[in-house]
Amino acid sequence: MTTSSGEPGGVTDAEWSAAVEAVRGLTPGPEGDEVQLICHVNPDGDALGSMLGFALGLRRLGFTRLRATFPGRFELPLPYQDLPGLDLLVPQDEAFTEPALVLTFDVAGESRLGDLQSLLAAPCVIVLDHHGSNTRFGRLNLVDPAAAATSVVVDGLLGRLGVPLDQEIAECLYVALATDTGSFKFDLTTPAVHELAARLIATGIRPGDISRRIFDTRPFGAVKLAGEVLGRASLDPTAAGGLGMVWTYATLADLARFEQRPYVLDTLIDPVRSVAEADVAVLVKQAAENEWGVSLRSKGAVDVSKVAVALGGGGHRLAAGFTGHGTPGEVVAQVRALLEQHLI
Ligand code: 5GP
Ligand code: MN
């Protein structure tokens, strides 16, 4: 079996060919087929960048009946408000109702599609993703767990469709790649990742400007809020069989006090997981009265995706998440118990 990454479990030649045929079999143009692109709820840089980069690629192929969307509240984090291709983005209730093709980006399972799951009834659904926990809910599934970002899979499909990288597509894919590799810091930052980054930068995009925008720009209130949330972190050195766990939480009241939107919490797990005394880091973010979005991170000794999957979520070995219920302490106690049960 030949795979995109050379690793077992990647995308086969037959899967690539089937996806290329599915796209090539459609009619582009103003009277042509409708194509709906979807990324996951609370979209991050990889979800948005991969989706918009591919949408722009389809536009280069002559498709005009294109819409991109994501489930839930129609609100973009500040860092992504300048992405190319945003003119294709619509709120979920303006998605096509009967598209000929649906493509999903960075969506590990149906539940991450929220109200848009009904679109999975489309004649053809292509899933582009890199989560090991992907449930392969498409008719065609381009899922490569060895890929550092979904944008690596997008680049693979664009290349096979004969779409050259231009600056707009490159900026989208660079944002996606830089986001999911943590600025090229994580383990999956392979030679192939840097080769892709080189091809993207060669189009003339400015990595310094992009990085400043996506990593180093936040409202003043978000910095103050971070101070409070980090100030209440707890270190539990005996958790995870003595490997240690550090955790903290943020409530809707915290967000309201600093007049911030929930997305500002998405990167707060990074300073939490920098704690040397803990292999596992947990950030519990209130989403509703009794509902919490939980981010899990590991430095390497623990597979946190197993904990997340056991609690109804998913993700990767070193970065995963799930939706929890109860108080933050109760949610963390569930995580702690699963870590002790050697689900690691
Ligand atoms: P984050 O903590 O940055 O939100 O997410 C880390 C990783 O876990 C991402 O790869 C994300 O896709 C995955 N993840 C986070 N929350 C959930 C969830 O509720 N369900 C699933 N299936 N995956 C999640
Ligand atoms: Mn991703």
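Keep in mind it's a predicted model, so treat the numbers as computed, not measured. One-based numbering, in listed order, for ligands and for the atoms of each.
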Parallel, tilted or perpendicular, as decided by the 30° and 60° cut-offs, for the rings of Y174 and F184: tilted
Heavy-atom nearest neighbour in the protein, as seen from atom 12 (O) of ligand 1, with distance rounded to 0.1 Å: H131 NE2, 3.0 Å
Ligand-side contact atoms (ligand 1) for residue partner S295, heavy atom cut-off under 4.0 Å: 1 (P), 2 (O), 4 (O)
Geometric N/O contact G314 with ligand 1, under 3.5 angstrom: yes
Under 3.5 Å side-chain donor-acceptor pair for T251 and D254: yes
Heteroatom test (N, O or S) for H131 near the Mn ion (ligand 2), limit 2.8 Å: no
Top protein contact for atom 19 (O) of ligand 1, by heavy-atom distance: F322 CA, 3.6 Å
Minimum-distance pair of heavy atoms, taken over all atoms of I38 and V102: CD1-CG1, 3.9 Å
From the candidates H316, R297, R112, the one that places a heavy atom nearest atom 11 (C) of ligand 1: R112
Residue D129, metal the Mn ion (ligand 2), N/O/S under 2.8 Å: no
Residue D46, metal the Mn ion (ligand 2), N/O/S under 2.8 Å: yes
Shared hydrophobic cluster, Y249 / V264 (ILVMFWY, side-chain heavy atoms < 4.5 Å): no
